[in-house]
J.: 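Structure below; questions to follow.
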Amino acid sequence: MAAVITATVATSPACINYTVADYYNLSTKDIPKDFRPKDYVVVALGLIVSCFIIVTNILVMTAIFINRRFHYPIYYLLGNLAAADLFAGISYMHLMFHTGPWTAKLTVYQWFLRQGLIDTSLTASVINLMAIALERHQTIFTMQLHSKMTNTRVVLLILGIWTVAVLMGLIPSMGWNCLCDTGNCSKMAPMYSRTYLVFWAVLNLLSFSVMVMVYTRIFIYVRHKSQRMSQHTVQTKHKETVENLMRTIFVILGCFVVCWTPGLVLLLLDGVKCGCGVLSVEKFVMILAELNSMMNPLIYSYRDQDMRNTFKRILCYLCLRRRQTGQHADVHFNTLSQEVNRNKDAGENPTLLLQDSRKMKNSTKTQLLKTPKPLKSVQKS
């Protein structure tokens with residue numbers, strides 16, 4: 001992505017001498033010269049949240065990989081959603097090291113790379129949620145628990161999701177920007193074109209609306225179908241599994257919409273030149289969007305008992321392995337010569353200790369030689 005952005009920005013016909021600080025000044029967005037106390041707080045909290053996002057989503061992906069109960073298309077897509085959240089955590093961490101006073105030191109292509117990472121993670125999450133909606137619509141309305149999609153198709157679908165996400169993240173650096181049209185620059189993203197912000201916000205808000213309608217229709221259908229099911233044990237278990245999975249997905253979608261809608265509305269207002277102080281609340285909506293990537297693993301662990309048990313297995317395995325490694329280290333490195341030296345330091349006679357150890361070895365060998373061999377089985381006469 002960095003190479004493509006560098007090549008695209010370098011070929012801009014004009015405005016090459018403009019710096020990032022110049023674009024910020026033109027858009028009236030302030031870049032602090034020095035770190036203020038609130039800047040340190042923002043960076044510290046951002047790094048802590050980013051680390052938590054990275055660790056928890058790796059845990060989700062590991063759980064889906066090792067538990068055979070999760071080897072179905074729907075869980076592969078949920079794992080890909082965790083991968084998008086993981087990518088978002090990495091993007092936020094990169095942002096924390098390139099924000100505040102550090103922004104003025106960025107080159108134009110570095111700034112586009114910083115913003116492109118965030119756009120890519122958001123696009124991957126949106127398209128992945130749309131794919132999950134289509135998968136659930138197909139399976140629920142055909143009375144199936146899991147889709148019959150092959151693993152090859154799932155892999156191709158995931159690759160397609162990331163291809164589209166990367167391309168959407170590259171669009172501003174590929175020409176849809178305001179590098180040579182400074183009168184069309186936005187305030188929140190000083191090198192993004194206002195028309196692009198309107199396109200980006202409207203497209204995502206429409207996607208949110210479509211997904212909400214699809215999931216609402218699926219949820220109503222599941223509730224209606226569940227009421228008509230018999231009380232047979234197999235059907236009851238199937239019904240509970242479907243309802244729990246649908247509730248989990250519905251909560252994930254709801255949190256995503258709640259966390260990202262304020263930011264997209266703010267981008268839309270900025271794109272239409274609304275003089276409503278978008279910069280004053282920019283930090284808050286950014287934090288809210290970042291929290292969404294942290295909430296999904298918590299939703300998994302709360303809503304899905306199998307996922308919660310798998311998390312416990314992974315954490316217990318890591319703790320036990322660490323404990324066993326420490327115990328083995330204590331036993332392995334205590335050799336006979338080290339014991340002699342240790343007892344020598346304690347004031348004991350090393351010569352007597354060596355003689356005692358040799359006597360113990362000789363007595364053990366003697367006992368093994370004197371031990372009678374087991375009688376052979378008596379043959380039949």
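Positions are given from 1 along the sequence. Please read these numbers as outputs of a predicted model, since none were measured by experiment.
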J.: Any carboxylate oxygen within less than 4.0 angstrom of a Lys/Arg side-chain nitrogen, looking at Lys29 and Glu282?
T.: yes
J.: Quick check: does any side chain N or O of Thr56 sit under 3.5 Å from a backbone N or O of Ile53, one acting as donor and the other as acceptor?
T.: yes
J.: Given Asp306, which of Arg69, Lys312, Arg313, Arg68 fulfils the salt bridge (charged side-chain N to carboxylate O under 4.0 Å, His left out) condition?
T.: Arg69
J.: Rounded to the nearest 0.5 Å, how far apart are CD of Glu135 and CG of Leu157?
T.: 10.0 Å
J.: Looking at His98 and His94, would you say the former's side chain and the latter's main chain have a donor-acceptor pair under 3.5 Å?
T.: yes
J.: Determine yes or no for a side-chain-to-main-chain donor-acceptor pair under 3.5 angstrom, with Asp270 supplying the side chain and Leu266 the backbone.
T.: no
J.: Please report the closest heavy-atom contact between Thr123 and Ala165, naming both atoms and the distance.
T.: CG2-CA, 3.6 Å
J.: What distance separates Lys283 NZ from Asp39 CG, expressed to the nearest 0.5 Å?
T.: 7.0 Å
J.: Once the angle between the rings of Phe70 and Tyr75 is folded into 0 to 90°, is it parallel (under 30°), tilted (30 to 60°) or perpendicular (over 60°)?
T.: tilted
J.: Between the side chain of Asn177 and the main-chain N/O of Ser193, is any donor-acceptor distance below 3.5 Å?
T.: no
J.: Flag the pair Pro262 / Leu288 as yes when at least one side-chain heavy-atom distance between them is below 4.5 Å, and no otherwise.
T.: yes
J.: What's the spacing between Leu253 CG and Met130 CE if we round to 0.5 Å?
T.: 9.5 Å
J.: If you take all heavy atoms of Tyr92 and Ser293, which pair is closest and at what distance?
T.: CE1-OG, 4.3 Å
J.: Taking C-beta and beyond as the side chain, do Pro101 and Pro32 meet within less than 4.5 Å on heavy atoms?
T.: yes
J.: Any side-chain heavy atom of Trp200 sitting closer than 4.5 Å to one from Ile171?
T.: no
J.: Under 3.5 Å, side chain of Arg194 to main-chain N/O of Cys185, donor-acceptor pair present?
T.: yes
J.: For Leu268 and Phe199, run side chain to side chain contact (heavy atoms under 4.5 Å, CB included): C-alpha distance rounded to whole Å, both residues' side-chain angles, the deciding distance at 0.1 Å, then the answer.
T.: CA-CA 8 Å; Leu268 182 60; Phe199 163 77; over 6 Å; no
J.: Is any side-chain heavy atom of Gln115 closer than 4.5 Å to a side-chain heavy atom of Met191?
T.: no
J.: Within the 4.5 Å heavy-atom criterion, are Val198 and Val272 side-chain neighbours or not?
T.: yes
J.: Would a 4.5 Å heavy-atom cut-off, applied to side chains only, mark Met168 and Ile127 as touching?
T.: no
J.: Do other residues, nucleotides or ligands put more than 12 heavy atoms under 6.0 Å from Arg153 CZ?
T.: no
J.: When you measure from the side chain of Asp181 to the backbone N and O of Cys178, does any donor-acceptor pair fall under 3.5 Å?
T.: no
J.: Name the residue from Tyr192, Tyr23, Trp102 that meets the ring-ring contact (aromatic ring centres under 6.0 Å, His included) definition with Trp111.
T.: Tyr192
J.: Is Thr99 reaching over with its side chain to a backbone N or O of Met96, donor-acceptor style, under 3.5 angstrom?
T.: no
J.: Quick one: does Tyr76's side chain have a donor or acceptor within less than 3.5 Å of a partner on Val154's backbone?
T.: no
J.: Could you list the residues that satisfy ring-ring contact (aromatic ring centres under 6.0 Å, His included) with Phe52, not counting sequence neighbours?
T.: none
J.: Quick one: are Met188 and Leu269 in side-chain contact, heavy atoms under 4.5 Å?
T.: no
J.: Could you tell me whether the side chain of Arg136 and the main chain of Ile218 form a donor-acceptor pair under 3.5 Å?
T.: no
J.: Tell me whether the centres of the aromatic rings in Phe208 and Trp260 are closer together than 6.0 Å.
T.: no
J.: Side chains of Phe256 and Val126, heavy atoms from C-beta outward: is any pair under 4.5 Å?
T.: yes
J.: Might you work through the side chain to side chain donor-acceptor pair (under 3.5 Å) test for Asn128 and Ser125, ending with a clear yes or no?
T.: CA-CA 5 Å; Asn128 207 85; Ser125 299; over 6 Å; no
